[in-house]
Amino acid sequence: MKERKFMMFDVMPTKDIVAWNAMVAGFALHGMSEDSIGFVLEMQNAGQRPNRSTVVSVLPVVGQAKALRQGRSIHGYCVRRYFDEDDIMVGTALLDMYGKCACLVYACRVFDSMSAKNEVTWSAMIGGYVVCDRMVDALEVFDQMMIEGSSKLASSSLASALRACTKLADLNRGKIMHNYSIKCGLLPDITIGNSLLSMYAKIGSVDDTVKYFDEMVFKDSVSYSAIISGYVQNGNVEEAFAIFRRMQLSDVEPDVAVMVGIIPACSHLAALQHGKCTHGLAIIHGLAFDVSVSNALIDMYTKCGRIDHGREVFDRMTKRDIVSWNTIIAGYGMHGLGKEAIFLFLNMQTDGIIPDDITFICLLSACSHSGLVTEGKHWFHAMTLNYGIKPRMEHYICLIDILGRGGFLDEAREYIRRMPFEPDVRVWGALLGACRIHKNIELGEQVSQMIEKLGHESTGNFVLLSNIYSAAGRFTEAAKVRIVQRDRGFVKSPGCSWIEIKGNIHAFIGGDRSHPQSRNIYQKLEDLLVEIKKLGYQPDTSFVLQDMDDEEKEHALLYHSEKLAIAFAILSLSSDKPIFVTKNLRVCGDCHTAIKLITLVSKRIIVVRDTSRFHHFHEGMCNCGDFW
DNA sequence: TTAGGGTTAG
């Protein structure tokens with residue numbers, strides 16, 4: 001505010017209400033919420049009474065800052081001065097502010113009390129429900145508006161309604177709105193165009209999306225980021241890269257949102273070379289030092305196996321937000337570096353950032369991956385006692401995971417019993433996973449029954465129970481579980497591992513012989529098997545689900561996708577290069593043992609990312625301590 | 001006074 005001394009405003013000999021309001025609106029326009037709100041207080045101190053225009057200028061800023069306390073006091077001021085009576089603009093600004101502050105009860109109260117509403121009022125109410133994740137209600141208000149027909153249809157209302165359809169994955173309704181926007185002539189509106197594109201990319205087929213994208217007459221950076229992030233969130237990573245390349249050939253410049261959309265595509269593939277190229281592009285376009293882009297880069301590097309690069313990006317940031325800290329803490333957790341994760345958690349607070357509920361999920365999962373049972377329990381309780389954050393289902397899942405992996409199955413069961421809300425299938429799933437690790441058949445069966453009662457079986461849980469039986473040699477029961485799984489339509493997705501060599505992704509499925517170098521790969525694997533058997537490797541056939549004879553089982557294990565990817569990497573990379581493999585499922589226990597020994601015979605460092613974490617294999621050891 | 005794209009966990 002010091003610079004203000006030099007402003008025109010300060011040199012004005014007399015300041016009327018118009019001048020004060022212009023300043024409030026000016027700060028608001030530049031997103032300077034604190035200054036805008038502060039100025040309203042300052043004008044009152046200077047003896048100037050805010051009028052309707054002041055209120056209408058400052059309320060959107062209050063909403064943006066989610067400053068409910070100030071918003072309520074402004075509301076009180078409006079009531080005292082009768083501004084809220086029959087003034088559509090004041091009423092709309094108030095209800096919009098309440099909506100943005102997630103205070104829907106008040107938003108609705110203002111909305112219902114308004115005797116006259118215009119299209120902006122309806123739009124603000126629909127938007128309020130969308131902000132608060134109440135999509136069904138948002139669409140109900142939209143319908144009500146259409147039935148009443150007293151206001152014209154604002155494109156903002158349609159945009160919010162389309163967003164509700166997207167969140168609800170309601171493609172049919174979205175398509176109806178698409179037709180409706182054509183009828184109303186709203187399609188050329190870029191906001192509507194991009195909302196439709198975003199909807200198709202997030203819930204439609206790739207064909208639908210490309211068709212619509214190609215039909216768009218005008219495309220801006222929002223169009224590109226909408227389609228790219230929509231694709232990435234849906235797992236259509238290749239298609240996202242294709243659109244990104246099209247963008248580079250177009251005259252549209254990438255912006256922060258485009259970069260933040262495409263960077264996770266590299267993380268999905270664990271494609272470090274792609275990630276580095278994208279990082280380079282962000283630097284060229286002057287976007288690499290943006291907080292959100294840096295956050296996405298930290299995430300990308302940690303998920304591509306390079307926690308060191310992630311840390312470099314983190315250390316170089318001049319400004320960090322809560323996402324930066326959560327991302328780096330989660331990164332250390334994933335790499336099994338729990339102590340460092342706790343150290344950073346403490347550092348973030350000295351840096352003035354208050355941990356949120358997500359921070360604790362990152363921290364607890366870090367404790368789980370590092371076997372830090374005492375620390376995990378401590379932070380779970382401290383979260384409520386010292387930080388006032390009530391544990392959600394996700395926090396319980398982490399806690400059960402920590403206790404379960406650590407072998408404290410009874411304690412985990414007790415925590416579930418004492419939960420203040422009903423545990424969902426994921427909580428039971430965490431306990432079932434622990435039963436698999438610690439081979440506790442009795443509890444495993446009980447937990448499976450609980451999961452069945454909930455009626456939310458998933459493929460993963462069937463596989464876990466089947467594994468528990470197989471590990472105990474009870475193949476009849478294991479087979480029964482698999483039959484039930486098949487009859488109920490759950491299909492186990494095939495294990496797939498991939499590796500990036502010189503910027504190309506090579507993917508392998510178990511037993512796969514489609515790779516051009518398949519013969520060499522299988523030969524290499526046979527050679528490795530001979531070598532590691534000399535070191536005492538015995539195939540752990542309990543990880544084979546089928547009741548085959550031992551020789552068959554050994555073959556099924558030998559050709560698991562992660563082993564194929566590693567054999568190919570040893571053939572393709574010079575011996576000083578670490579090998580990074582990514583798998584779409586958890587690493588199998590037998591592969592885990594085999595890979596430890598492979599690091600000894602091949603003198604390689606092997607890093608495997610599975611769905612849960614990173615395994616750093618080096619000199620016959622894995623940093624997960626054999627719990628994952 | 002309203003509206004389109006983005007990063008963290010599970």
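Keep in mind that what you see is a predicted model, and the values were worked out from it rather than measured.
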Per atom distances to the A:Ile358 side chain, the nearest of B:dT2, B:dT8, B:dG5 is B:dT8
If the cut-off is 4.0 Å, is A:Lys100 near the phosphate of B:dA3, judged by side-chain N/O to OP1 or OP2? yes
What's A:Ile227 touching, base or sugar-phosphate or nothing? Going by heavy atoms closer than 4.0 Å. nothing
Would you mind reading off the distance between A:Arg405 atom CZ and B:dG10 atom P, rounded to a whole angstrom? 10 Å
Just checking, A:Arg311 and A:Phe314: is the charged tip under 6.0 Å from the six-membered ring centre and within 45° of the axis? no
Establish, from distance only, whether the side-chain atoms of A:Asn295 and A:Ser292 form a donor-acceptor pair under 3.5 Å. no
Side chain of A:Ile361, heavy atoms from C-beta onward: which of B:dT8, B:dT1, B:dG10 has the nearest atom to it? B:dG10
Ignoring backbone atoms, establish whether A:Lys152 has a side-chain N or O less than 4.0 Å from OP1 or OP2 of B:dT2. no
Nearest to the side chain of A:Ser156, which nucleotide is it out of B:dT1, B:dA3, B:dG5? B:dA3
When all nucleic acid strands are considered with a 4.0 Å heavy-atom cut-off, which category describes A:Ser155: base, sugar-phosphate, or nothing? base
Shortest non-hydrogen pair, A:Lys303 vs A:Met334, comes out as CE-CE, 4.0 Å
Against the side chain of A:Ala159, the closest entry in B:dA3, B:dT1, B:dA9 is B:dA3
Find the distance A:Leu95:CG to B:dA3:P and express it as a whole number of Å. 11 Å
Rounding to a whole Å, what distance do you find between A:Ile328:CD1 and B:dA9:C1'? 15 Å
Given atom CE of A:Met348 and atom P of B:dA9, what is their separation to the nearest angstrom? 14 Å
Separation of B:dA3 atom C1' from A:Leu153 atom CG, nearest Å, is 11 Å
Counting only side-chain heavy atoms from C-beta out, which of B:dA3, B:dG5, B:dT1 sits nearest to A:Ser198? B:dG5
Step by step, would you call A:Ser156 with A:Ile126 a side-chain contact (heavy atoms from CB on, under 4.5 Å)? CA-CA 9 Å; A:Ser156 49; A:Ile126 298 165; over 6 Å; no
Taking CG from A:Asn326 and C1' from B:dG10, how many angstroms apart are they, rounded to a whole number? 13 Å
Name the nucleic acid region contacted by A:Asn118, choosing base, sugar-phosphate or nothing; use a 4.0 angstrom heavy-atom cut-off, strictly under. base
Winner on side-chain proximity to A:Met334, out of B:dT7, B:dG10, B:dA9, is B:dA9
Measure from the side chain of A:Lys303, starting at C-beta and using heavy atoms only, and say which of B:dA3, B:dG5, B:dA9 lies closest. B:dA9
Pick from A:Tyr98, A:Tyr106, A:Trp122: which one makes a ring-ring contact (aromatic ring centres under 6.0 Å, His included) with A:Phe111? A:Trp122
Of the candidate nucleotides B:dT1, B:dA3, B:dG10, which contains the atom at the shortest distance from the side chain of A:Ser160? B:dA3
Rounded to whole Å, how long is the line connecting atom CZ of A:Phe314 with atom P of B:dT8? 16 Å
Name the nucleic acid region contacted by A:Asp321, choosing base, sugar-phosphate or nothing; use a 4.0 angstrom heavy-atom cut-off, strictly under. nothing
May I ask you to verify if any side-chain N or O of A:Arg163 is less than 4.0 angstrom from the OP1 or OP2 atom of B:dG5? yes
Does A:Ser221 reach a base, just sugar-phosphate, or nothing at all? Heavy atoms under 4.0 Å. base
Roughly, in whole Å, what's the span from OH in A:Tyr98 to P in B:dT1? 18 Å
Does any N or O donor sit under 3.5 Å from an N or O acceptor when you compare the side chain of A:Asp220 with the base of B:dG5? no
Which is true for A:Asp424 with a 4.0 Å heavy-atom rule: it touches a base, it touches only sugar-phosphate, or it touches nothing? nothing
Of all the nucleotides listed (B:dG10, B:dG5, B:dT7), which has the minimum atom distance to the side chain of A:Ser292? B:dT7
Looking for any heavy atom pair under 4.0 Å, which part of the strands does A:Ser365 touch: base, sugar-phosphate only, or nothing? sugar-phosphate
Go through A:Thr582 and A:Cys304 one step at a time and tell me if the side-chain contact (heavy atoms from CB on, under 4.5 Å) criterion holds. CA-CA 9 Å; A:Thr582 307; A:Cys304 288; over 6 Å; no
Where do A:Pro50 and A:Arg81 come nearest, in terms of heavy atoms and distance? O-NH1, 2.8 Å
Is any side-chain nitrogen or oxygen of A:Gln64 closer than 4.0 Å to OP1 or OP2 of B:dT2? no
Of B:dA3, B:dG5, B:dA9, the nucleotide closest to the side chain of A:Cys362 is B:dA9
For A:Lys202, report the nucleic acid contact type (base, sugar-phosphate, nothing); a contact means any heavy atom under 4.0 Å. sugar-phosphate
I'd like to know if A:Thr327 reaches the base of B:dT8 with its side chain such that a donor and an acceptor end up less than 3.5 angstrom apart. no
